[in-house]
Amino acid sequence: MTVKFLGTAAAEGLPAVFCNCETCRRAKARGGRDVRTRSQILIDGDTLFDFPMDTYMHMLMYGLDLSRVSRVLITHSHMDHCYPQEFCMRGGPFAHGMTSERVTVFCNRTVREMFLADTAREMRKEVADAIDVQTLSPFDTADDGDMKITALPASHTRGEDCLVYYIRRKGAGALFLNDTGPIEKSVYERLAATGAKVGFVAMDCTYGAIRHGTGRHMGLYDCVEQAELMAEVGLLTADAKKYVTHFSHNTDLDYAGIVEKAAPYGISVAYDGCTVEI
């Protein structure tokens, strides 16, 4: 399985769209890995994890054939993770020569309602007919081709069943924990009881090396504790690759600074364009 981080920032981007703080000024000046677009991950070229407004930019940056994508896993309804209007362009007269005829969007009930409402006015019937929107609740599973998908409860927005996802394909298991606070140990125990194994995990690190505790996001030391919980319940493989992503400008550390803090814990720091083989 190949995992490519297309974007690794929180909602405002990094540098943030309207901000002049020191972190944002420094990122503008330095460029490179200190510049981050909104979070999105591509798996094996055919699966997207989240669909932010920067998806078009990611297509340009990496020369992607997004018509090849046959499934999209959406965590929740915030615009940096769900921008459904773009799907109106998935078919004629806006798109021709599609590689994959159909796409399935996996999401919670709130996202489904938002998706259908936001695309109702502009989406052509023939385009809508090629898009399946499948609702999942926490701990639901779906078998989609050679990929098994398990939805897990995120700790994020009250009033919405925000999701994170575990996927398994060709013997490899991966866990994606974007836009969530710390996950309860019982969730990992329940996942482990199904025989799941995690060879790769991407964790929300919105606050860099600042501990965030029980909130809607995590910092590095929350991620360290989450990895320890996964290991305790037998989820992580011996050679599991652990990455942090989804960074905000509300930290005083740039890419190199976070790398230095994370290294002693065996955690890697994702950046836009980072590619990992599992």
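Computed from a prediction, not measured in an experiment: that's the story for all the values here.
Residues M1 and R168 form no side-chain contact, since every pair of their non-hydrogen atoms from C-beta on lies 4.5 Å or further apart. Residues E101 and S67 form no side-chain contact, since every pair of their non-hydrogen atoms from C-beta on lies 4.5 Å or further apart. Side-chain atoms of F87 and V105, non-hydrogen and from C-beta on, do get closer than 4.5 Å to each other. The closest side-chain heavy-atom distance from I149 to D143 is not below 4.5 Å. Taking 4.5 Å as the limit, some side-chain heavy atom of F247 sits within range of a side-chain heavy atom of V269.
Between the SG atom in C82 and the CG atom in N108 there is a gap of 8.5 Å [rounded to 0.5 Å]. Taking OH of Y165 as the start and CE of M147 as the end, the distance is 12.0 Å to the nearest 0.5 Å. In this structure, CG in L6 is found 6.5 Å from CG in L48, a value given to the nearest 0.5 Å. Rounding to the nearest 0.5 Å gives a distance of 4.5 Å between NZ of K185 and CD of E232. Going from atom SG of C19 over to atom NZ of K28 covers 7.5 Å, rounded to the nearest 0.5 Å. Interatomic distance, D161 CG to R109 CZ, rounded to the nearest 0.5 Å: 6.0 Å.
Side-chain atoms of E160 never come within 3.5 Å of backbone atoms of H76 as a donor-acceptor pair (strictly under, hydrogens ignored). Between the side chain of H156 and the backbone N or O of R216, at least one donor-acceptor pair lies under 3.5 Å. A donor-acceptor pair is defined here as one N or O able to donate and one able to accept, closer than 3.5 Å; such a pair exists between the side chain of T237 and the backbone of A240. Checking side-chain atoms of R38 against main-chain N and O of M53 turns up no donor-acceptor pair under 3.5 Å. Of the possible donor and acceptor atoms, none in the side chain of K261 sits under 3.5 Å from a partner among the backbone N and O of G208. Without hydrogens or angle criteria, S268 side chain to Y243 main chain gives no donor-acceptor distance under 3.5 Å. Checking side-chain atoms of D204 against main-chain N and O of N178 turns up no donor-acceptor pair under 3.5 Å.
Under the side-chain hydrogen bond (donor to acceptor under 3.5 Å, both in side chains) criterion, R33 pairs with Y255, Y271, sequence neighbours left out.
For the residue pair T275 and K4, a side-chain donor N or O sits within less than 3.5 Å of a side-chain acceptor on the partner. For the residue pair T47 / R71, a side-chain donor-acceptor distance below 3.5 Å is found, with atom types taken as modelled. Of the N and O atoms on the side chains of T75 and D50, at least one donor lies less than 3.5 Å from an acceptor on the other residue. E277 and T2 share a donor-acceptor pair across their side chains, judged by distance under 3.5 Å alone. A donor-acceptor pair shorter than 3.5 Å cannot be found between the side chains of D54 and Q40. Side chains of E86 and T55: a donor-acceptor N/O pair is absent below 3.5 angstrom, by distance only. In this model, no donor atom of one side chain and acceptor atom of the other lie less than 3.5 Å apart for T119 and Q85.
Hydrophobic clustering (ILVMFWY, side-chain heavy atoms < 4.5 Å, transitive): V164 and L229 are in one cluster.
Here D44 pairs with R169 in a salt bridge; the nearest charged N to carboxylate O distance falls below 4.0 Å.
Under the side-chain hydrogen bond (donor to acceptor under 3.5 Å, both in side chains) criterion, the residue pairs touching residues 16-25 are E22-R25, with sequence neighbours excluded.
Shown are D222, T206, N250; of these, the side-chain hydrogen bond (donor to acceptor under 3.5 Å, both in side chains) with H217 is made only by T206. Considering L177, T180, D80, T8 as possible partners of H246, the one that fulfils the side chain to side chain contact (heavy atoms under 4.5 Å, CB included) test is D80. A side chain to side chain contact (heavy atoms under 4.5 Å, CB included) with M123 is found for exactly one of D129, L116, I131, D118, namely I131.
Between F176 and Y166, the gap from one ring centroid to the other reaches at least 6.0 Å.
Aromatic ring pairs are classed by plane angle as parallel below 30°, tilted from 30° to 60° and perpendicular above 60°; the pair Y265 and Y221 is perpendicular.
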- Item | Intermediate values then yes/no, side-chain hydrogen bond (donor to acceptor under 3.5 Å, both in side chains), H78 and D179 | CA-CA 10 Å; H78 290 169; D179 231 2; 4.5 Å; no

- Task: In sequence, state the C-alpha distance, the side-chain angles, and the governing distance for T37 and D272, and then conclude on side-chain hydrogen bond (donor to acceptor under 3.5 Å, both in side chains).
- Result: CA-CA 7 Å; T37 57; D272 287 21; 2.8 Å; yes

